[in-house]
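A note on names: the letters A, B, ... follow the listed sequences, proteins ahead of strands, and every chain is numbered from 1.
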Amino acid sequence: MKLTSIGALNQWRQQQQAALAQFRTRVQVCCGTGCLARGAEEVLQALQQACVAEGVEHSLVLAQPCQGVYLLPTGCHGLCQMGPQVRIWPQDWVYHHVKPADAREIVQVSLVQGKLVERLVYRHFDGSLRPTATQIPFYQHQVRIATQDCGALDPQSLEAYVAAGGFAALAQVLSGLPPGQVISMIEESGLRGRGGGGYPTGRKWRACAQAPGQQRYIIGNGDEGDPGAFMDLALMEGVPYRIIEGMIIGAYAVGARSGYLYVRNEYPLAVQRLQQALQRCYAAGLLGPDILGCGLDFDLQINRGGGAFVCGESSALMRSLEGRVGEPRAKYIHSVVKGLYDQPTVLNNVETWACVPAIITKGAAWFAQLGTADSKGTKAFSLVGKVVHSGLIEVPMGTSIQDVVFKIGGGIIADGTFKAVQTGGPSGGCIPAHLAHLPLEYAALNQAGSMMGSGGLIVMDQHTCMVDLAKYFIHFLLEESCGKCVPCREGLRRLHLLLERITQGEAQDLEEIRQLCQAIKIGSLCGLGQSAVNPVLSTLRYYEEEYRAHIQEQKCPAGVCRALIHFRILENCVGCGRCREVCPADAIAGEKKQPHRIDPQRCLKCGACVEVCPVNAIVK
Amino acid sequence: MQASSDPQLVTVTIDKRVLQAPAGTMILQLARQHGIEIPSLCDHEGLEPQGACRLCLVEISHPQWPGWHKVVTACLYPIEDGLVIDTQSPQVVQARQVILELLLSRAPQAPVVRALAQRYGVEQPRYPDPSSNCILCNLCVRVCHTYSTGAIATMQRGILKEVAPPLAQAPVECVGCGACATICPVDHIPWTREHGVVQIWSKEFQLAYPVIDAAACTGCGVCEEICPFSIPRVVVQRDGSMVVTINQDYCRGCGLCVAVCPSGALDQQYFSHQQLNRGQATTVQVMSCTRSPWRTTKNQILKLPCTGRITTTMLLDSLIQGSQAILVLGRSQEHCAYHNGETTAQQTIAQANALAQLVGLGTRIYWRATQGQDGPANALAALESTMANLPPNPLLATPAFTHASGHQALRERLAWLRCQTSLQPDRQTWLTAQKLPCEQRPVVLYTGCVPVIDILYGPVLPGWEVRSWLLQALALLEHWGMSASIFLSAGACTHGGAGGWEHDRALLGNKTQVITLCPDCAQALQKHGGIPACSLDQLVLSKHDQLSWRALKLALPADHPAVEVLASHLITMTQARPLPLEQAHQMRQYLQQAASEGATHLLVPTPAAWAYQQYLTRPGSWRQVHLEPILLHQLVQVQSSQ
Amino acid sequence: MSNNLTPQVDAIMARYHQRRDALIMILQDIQQQWRYLPASALQQVARGLGLPLSSVYSVATFYKAFSLTPQGRTVIHVCQGTTCHVRGAPGLIAALQHRLGIAPGETTADQAFTLKTVNCVGACSMAPVVIVGEQYHANVTPAQIDSLLEVPDETD
C-alpha cells in the first residue's frame, strides 16, 4: 500500500477510522519498558488466551477488524508505578498491577458482563474507588501533547496512528504551507528545545534554513542519557510515528533531504519500534522520494548510540553519527550553520519533534496559550524517586513543583518528608522543599541554580544524603566525561576526590570546592563540563550544613554515606536468623532464638538484613 | 565603534591594544602575531586547534552589547569587529591557576607545565597523582592523523583516557617518523635514533643509508646541496680526486642525495635503484612518502622514505613499462619531515613530465600534497577523473638498460624513447610550452643533448634554465645576422646516447647552416650524418672580439672594466670531470684577480664547465662568487666582497 | 565460532555498504553477535572501511556499549540511575560483587557472569532495577540476589 497523494492518505484514514469503529470494546495493555519489566507481555498473552477460552471475538490488529474486542499493546500510560496496566474502552476503566492470572476474570467480568473488577481498580487514599483515568489524581492535572495517545495507540500500527489523526499535520503542510510559514508557526508557538538547553526551536530552524550549504540535515536526539529520565524512551516506544511526522515537517521547513534518529543503545525496544515505524512509513510513501506525491524527498535512518552520555551534547552527537569518537567541539560556529558533516543541521530532541504535529494542526496560538510567558506549551517529565506515584507525566509549563510532587505524585513514600527535587539530571541541581512553589519553567529553574534539562524530576526525602547525591552525579559525569579538556577531565576527578573525602568524614575546605567548581564551569569546553558542577553548587547552596555535618561531626544525617554508618542489631532481636541467611557477606552470627550480632569488619552495609528483619531490630 | 577602512579587516582590542586583522582570525593567532602572550599547551600552527588544555581562556566583551561578557578559548574564537579581549581578567587568571594546578598534579615533572604554573604562582600540586606525565594535549595524535599514518589515537575516555596504539601493542601502522615524539610538549613519548635504528612505540626501524660507489663519484657535491641536514661532505683524497662521505650517525635515510646524484655513484639500502625501477604495468602507479596513509588495495603503491627519493629515471621506467599515470603523494613543503624532500620531488616530476612531453607521452605524472587520513584516497579519486581525458599510454615494454641511475641512465631511457615509433613527438608543442619561438628559419640552432642536461640540472642548480639560454643564443645569432630557428633534438652527440642522430639528420634535410650548442654534437653530425655543423662555442670564439656588444646588451657602461675582462680573458674548461685541486686553486685565484680588477662578468665556455664552476662556488666554498649563465658562454658575475 | 568470523564480519560491513559513518553500528552488530569485539574483527573492520586501526580502537574503547574482552554467558546489568541509586543500587552492587567475586566490568572465571553497571535504563518507577540477560527485574533487594542468579546456563 503506497499513499501517492494527500487524497489517498485521507481516504485511507477514513478506512482505518471505520475499522476502529467496528470494535465494540478496546483493551489496551501498557507495554512500555516499565510495564514489560513487570510482565505486561504475559498479561497480553493471557488476555488473548482468555478471550479464546471464553469465546470472545477479538483481534490484535486494526487491519483485521471485528465486531468484538480490539486487544492491543500500547506505549507508556504514565503511571508505571502501578503497572502493568490494562485500560478498557469505552468505559475508560484502568486496572492496575494486573497479573496474567487476572486475565480470565477481566475477560469474564468486564468484557463479557461489562462489569468492573473492583480489586484491580485504583483506590484513593480516602478509600473511594477511582475506576476511570479522569478520576485518578495522577492523570487529572496533566495536559498531554507530546505524549498524547502514548498509552492509547498500538505503537507499531501505522493504521492506528493515522486513524487517530496522524500525518494530518504533514498533509496540511504539504498542501500549501510554504516552508517559511511553517517556521513562522513554530516561532510563534514559542516552542523551545525540550532536550535541556531550551533554545527557541523556530529560531534554530530559520538559522539552518538560511545558512549556506550543499546539504542540510535534521537529527532527532533520542540519546536520553540523564539518569532518572525516560520521557524520550516513552515517546520513542509509544508514539514513534509522531516523532517521525515531526521530523518530516522539520525537513520540509528547513530543506533537508536526510535525517537521523540517534537513539540510546540502552533502549533496545525503542530502537525496534522506531525501526519498524520507519519501514512502514517507507512502504506507505511517507518517507523516501516524493512523499505523498508532493515532491518532498526525505530519508530518515536510525543510528544507535554507543553508550556515551556526552553524545547528548549536539556536537558530540554529530561526531558520533559520523562514526567517530563522541568528543564535542567548541561551538563558536553553531551547528545550525556547520553541523553534521560540516553542513547546516537542525538537532532537536525527540520530544521537541513530537510537539511539532500538534502545533501545525491546532495552531501556534493554541500552543502558546499553554504555559508561561517564558516557557510555552507543555513538558514531559519523569517523576521518580521517593514519590508515591512515579511515572511519566506531561504538564503545562509553569506548573509548580509542589503540585507535581503532591497532586500528581501523591506525596512522599512511607510518609517521609519531602526534602528536595533534582531537576535536569546531572547537569541540573537540587531544588529544596522550601522552593517547591517554583514553577517548572526555564528561567525560574535556572535562577534557583538548576535547569529544566530533559525532564527528570527526582524526588528526595530525608533518607537522601545531599553530599552523596552530589558525589553520585560527579562520579557519573567523571565516567561519562569524554576526557578531551582539562577542567572537565582533571577537575571532576579532583572534585570527586574531595567529595569522597567528605563522605568519609575527612575535613575539606568548602571554599576550595567552590573555586574548583568555578574553574570547571567557565573553563570546560562543552555543556557537560560547564554544567557538571551544578549538583555540587546547588547542594552547597541549600545544604551546606549537611556538608558541615560530614566534615565536622563525621556524621551523615541521612544515614547514607557508608563510611559513616554502622549497622547494628538492637536488643529486640528475636533470633529468627533471616538476616543471617540473606547476608551476602556472612557478617551476621548468632544462635537461634538469641540476639544476633553484625561483624562490622565484614559488613558490606548493603541493607539486605534491614529489609528482612520482621521486628525492625536492625538500625543504622 | 568605527567602521574599519578595509572591508576585510576588523578592529579588535586585546589588553587595551587596538589591532586590525582579517575577520575570522583566531584570537590566539592574532595575539601571537603581536607578541601578546596567552598561555597554551595544545595549540600548534600546523594543526587544527581543538581547545583541550583550556589555558588560552580569555574574557571577551563588546562595546555594542553592554554587560555582555564571556570567557572563551582564544585558540578557537574567531575575531569580530569591535571585540574587546582581556587576556588577564581576574576570572581568567583564577581559572588558569586552577587548571595549571590540576595539570601540575598530573605531570609534576614536565618542565613546560612547571614553568607555566610558576608564572601563575602555582608552586606545588595539592594532590599529586603523577600516574602519567602525559597531559593529553592530543598534539601527537593530531600530528599523526594529519601528517602521518594515524597509528596512535586516544583510547578510553574521561580519566581513563590515554594516548596509545591499538591494544597497547606495537602499532602496525607506525612508520617511525617520530612526529609524535617531536611535537610532545612534555617529552612523554620515548624515541631514540641510534646506530641507524629508530625506536618508538616498541617498534624498530632500520634507516636506509646511502651506499657510495667511490669509483663513480665525481665529487660534484650535488648531494651536499640537496641534503636537508648537510650530512654528505665532499672530501679531497690524497690523489687530489674528490669523493663524498656520509656520516651514518646523523644520516636519516631520506635518500634525497641518492635521487639527485648525477653520476650514479649513490644507491640506497632497502630502496635500491634496481628495486625501485622495476615497476609493473598498472593503471595508476602510486608512489608515496611513508607517512602517506594508504588503505586501499585498488592500486599498487610504492612507498619510499621520502618522495624526494624518486628519480626521473624511475618515473620514465614506470611509463615505459606501461603505467597510464603516476601519482606521487607527499606532504606540503612545510610539513615534509625532511624539509625539502617535497620540493625535490616536485622538481623531479617537472623534469620527467617535460621529458615525457618531449618524447610525445604527454603529462602523466602528478604530485599531490595530502593531509589527513583520507588525503591519498581523495587525491586518487580526483586523478581518476583527470585520467579519463588522457590518451592511452602506447608503451608496454621492459627493455634491459645498463644504467640504473644518474645521467647515464636517463640518457639511455631517452635514447630508447626516441626510437619508439608508437610515440609522436611533438617538438613544436614542447617549444610552445617552454615559451620558445617555433617558426622555421634558414639557420638551425640544433639543441642536441643540452636540453636534457639542462632539465636535469635546472632544479638542482638555480638559474640553470633552458629558456633564457636558448633565447640568448638566438639573440646572439640574430646579432651576427643569422636568423635561426630552434631544432629540438634529443641530441646527436655521445652525451645524448647512441641513437637519434640519424633520425635528426632525416629531419634536418638540407638546411644550409646548422649551429649546435654542444661541440660534440657538431662533430657527431659531421661525422655520422655528413651535415656541416658548427658549434656555437666555436662561433663565439671566432667572434669574441665583437663581444663588447654583449656587455652593452647587459647594460654595462662601455668603459666598464668588465668589458675589458670579457674581451681579453676566456676560461676554457671543457672537461666534465672535476678539476684537479691545483687547477681549482688556480681558478679561484683567477676569479679573485678578476674581481680585484673590478670585473663583474666573466666568460665561461661550456655547460659542463659551468656546472662544475657552480660546484666550486657553492655556498660554503667561494661564497662571494655568484654565477649567472648565458648560453654556453656565460658571464660570470663576480660580486666583489667589498 | 571464530572460523566463520571473517565472512560474517564482511557481511556486517556489507550491510552498511562499508560506510565509515556506520562504524559504530558495525561494531554494535559485531558486539551483539560475539558478545565482545574480537581483535581480528576490529582489524578486519579497519581494513574494510579504510580506517586506521587506531581510530577503530579509539571508538571501540570510547563507547560503553563495546567490550574488548569476552563477556560472560549471562550479563548482569545493575541500573545506576539516580532513582536506583537513591533506592539502594549501591547496596545491590556491593552484594553482587561479593557474591560473584568480581568487580563491575569483570567476568567470572567460569565465564558464566559478567557484572556491569548501566546509567539508567528508563525503568525508574521500578527502581532499583537489575537486568539479568534480557530479563528486567523490578524493585530488587539484596536479599533476592541468589534467586536472580539462578538462570539456565546455556553451556554448549
Is any side-chain heavy atom of [X] less than 4.5 Å from a side-chain heavy atom of [Y]?
X        : Y        : answer
C:Tyr63  : A:Cys311 : yes
C:Met126 : A:Cys80  : yes
C:Ile24  : A:Arg304 : no
C:Asn119 : A:Phe309 : no
A:Val310 : C:Phe62  : yes

When [options] are compared by non-hydrogen pairs under 4.5 Å with chain C, the top option:
options                                : result
A:Glu480, A:Gln81, A:Arg264, A:Met82   : A:Arg264
A:Gly307, A:Gly306, A:Ala608           : A:Gly306
A:Leu233, A:Leu383, A:Asn303, A:Val582 : A:Asn303
A:Ala585, A:Gly39, A:Gly34             : A:Ala585
A:Phe476, A:Tyr267, A:Tyr472           : A:Tyr472
A:Arg324, A:Glu327, A:Lys605, A:His389 : A:Arg324

Going by distance alone, is a donor N or O of one side chain under 3.5 Å from an acceptor N or O of the other, for A:Glu611 and C:Thr141?
-> yes
Heavy-atom contact with chain C under 4.5 Å, split by part of [X]:
X        : result
A:Leu457 : neither
A:Gln301 : side chain
A:Val612 : side chain
A:Leu79  : neither
A:Glu479 : side chain
A:Leu321 : backbone
A:Arg578 : neither
A:Glu224 : neither
A:Thr464 : side chain

Check step by step if side chain to side chain contact (heavy atoms under 4.5 Å, CB included) holds for C:Asp21 and A:Tyr341.
-> CA-CA 10 Å; C:Asp21 51 8; A:Tyr341 302 109; 2.3 Å; yes
Partners of A:Ser454 by side-chain hydrogen bond (donor to acceptor under 3.5 Å, both in side chains), sequence neighbours excluded?
-> A:Asp226
Tabulate, in ascending numerical order, the residues of residues 50-59 of chain C having at least one heavy atom closer than 4.5 Å to a heavy atom of chain A, or enter 'none'.
->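 Under the 4.5 Å heavy-atom cut-off, C:Ser58, C:Val59 qualify.
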Between [atom1] of [X] and [atom2] of [Y], what distance do you get to the nearest 0.5 Å?
X        : Y        : atom1 : atom2 : value
A:Cys606 : C:Arg99  : SG    : CZ    : 13.5 Å
C:Ser125 : A:Phe230 : OG    : CZ    : 4.0 Å
A:Leu36  : C:Gln135 : CG    : CD    : 10.0 Å

Applying ring-ring contact (aromatic ring centres under 6.0 Å, His included) to C:His137 and not counting sequence neighbours gives none
Chain A shares the most heavy-atom pairs under 4.5 Å, among C:Cys124, C:Ala22, C:Ala138, with C:Cys124
Check: C:Gln28 side chain, A:Gly305 main-chain N or O, donor-acceptor pair, under 3.5 Å | yes
Any donor-acceptor N/O pair, C:Tyr136 side chain to A:Cys35 backbone, under 3.5 Å |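 No, because the side chain of C:Tyr136 does not come within donor-acceptor range (under 3.5 Å) of the backbone of A:Cys35.
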Sort C:Arg20 into side chain, backbone, both or neither according to what part of it lies under 4.5 angstrom from a heavy atom of chain A.
->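 Contact with chain A is through the backbone of C:Arg20 alone.
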Heavy-atom proximity to chain A below 4.5 Å, by part of C:Asn139 = side chain
A:Glu500 atom CD: more than 12 heavy-atom contacts under 6.0 Å |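 Count over threshold, so yes.
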Going by atom type alone, with no hydrogens or angles, which donor-acceptor pairs under 3.5 Å involve a side-chain atom of residues 81-94 of chain C and a protein atom two or more places apart or on another chain?
| unit_1 | atom_1 | unit_2 | atom_2 | d |
| --- | --- | --- | --- | --- |
| C:Thr82 | OG1 | A:Pro227 | O | 3.1 |
| C:His85 | NE2 | A:Asp468 | OD2 | 2.9 |
| C:Arg87 | NE | A:Gly385 | O | 3.2 |
| C:Arg87 | NH2 | A:Gly385 | O | 2.5 |

